[in-house]
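So the structure is just underneath, and the comments pick up after that.
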Amino acid sequence: SSLLMQATFKRKIMNIVIAIIILLVYTLVMIKIGGCILPSLSASVFNIPINKHWIWTVVIFTVCILVVPTYIEKTDINTQFLSFLSIGGLGFVGAAPLVKLKDDVLQFKVHEIGAIICAICSQLVLIFNNPILLCSCIIPAIIICWKNWRTKIFWGEMICFSNTFLYCLL
């Protein structure tokens, strides 16, 4: 029983580490292709040839699938729905990457609402389950976003991802 629990714990940690690596590699490749930090991570889709936009969806869905078991299990039973909503919101962001195409109103709204749900719920999980982690990120987040105003959404996304990954690993 103890060995099984240790193996399960190691697998969950590996899932988070793999999710971090996938997102980090994708982000760095998109920065390299774009030549600079983009206004948001989802704006990177426009650096990918149109017939390869599916890469964005695969990356985001893979991160969701790898993170969800640990994220929900680690969260208190009374706030697990927030973890679920956070991952669900991220899934909608992955499914509707073309946020800049405002003429595709459905995709724009799905992406926008999914991103807002993901951001708010991921931070609420921290408020209710690990407020110290959230508090330790507030001042650096303000400084990063203030100094990089053009890319504030990108940095906000990176802070939300980092908070979620750290929460799952701690």
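On a predicted model such as this, the values are computed, not experimentally measured, just so you know.
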Determine all donor-acceptor pairs shorter than 3.5 Å in which one atom belongs to a side chain in residues 64-74; sequence neighbours excluded.
unit_1, atom_1, unit_2, atom_2, d
Glu73, OE1, Lys12, NZ, 2.1
Glu73, OE2, Lys12, NZ, 2.8
Lys74, NZ, Leu170, O, 2.1

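Under the rule for a side chain to side chain donor-acceptor pair (under 3.5 Å), the partners of Asn78 that lie at least two apart in sequence or sit in another chain are Asp76. For Leu24, the side chain to side chain contact (heavy atoms under 4.5 Å, CB included) criterion is met by Leu28, not counting sequence neighbours. Not counting sequence neighbours, the partners of Phe61 by the side chain to side chain contact (heavy atoms under 4.5 Å, CB included) test are Thr57, Ala95. A search for side chain to side chain contact (heavy atoms under 4.5 Å, CB included) contacts involving Ile37 returns Ile31, Thr151, Phe154, Trp155, not counting sequence neighbours. For Cys160, the side chain to side chain contact (heavy atoms under 4.5 Å, CB included) partners two or more places apart in sequence, or in a different chain, are Ala119, Ser122, Gln123. Scored by the side chain to side chain donor-acceptor pair (under 3.5 Å) test, Thr164 finds no partners at all (sequence neighbours excluded).
Although no hydrogens or angles enter the test, the distance criterion places a donor-acceptor pair under 3.5 Å between the side chain of Ser40 and the main chain of Ala43. Side-chain atoms of Trp56 come within 3.5 Å of backbone N or O of Val93 as a donor-acceptor pair. His111 places no side-chain N or O within 3.5 Å of a backbone atom of Phe92 that could act as its donor or acceptor partner. The backbone N or O of Val125 sits less than 3.5 Å from a side-chain atom of Asn129, completing a donor-acceptor pair.
For the pair Ile117 and Gly89, the tightest heavy-atom approach, listed with the atom from each and the gap, is CG2-CA, 4.4 Å. For the pair Leu41 and Met158, the tightest heavy-atom approach, listed with the atom from each and the gap, is CD2-CE, 3.9 Å. For the pair Phe165 and Ala19, the tightest heavy-atom approach, listed with the atom from each and the gap, is CE2-CB, 4.1 Å.
With a 4.5 Å cut-off on side-chain heavy atoms, Leu38 and Asn47 count as touching. Taking the side chain as every heavy atom from C-beta outward, Thr75 and Tyr167 approach each other to under 4.5 Å.
Screening residues 13-29 for side-chain hydrogen bond (donor to acceptor under 3.5 Å, both in side chains), with sequence neighbours left out, gives Tyr26-Ser44.
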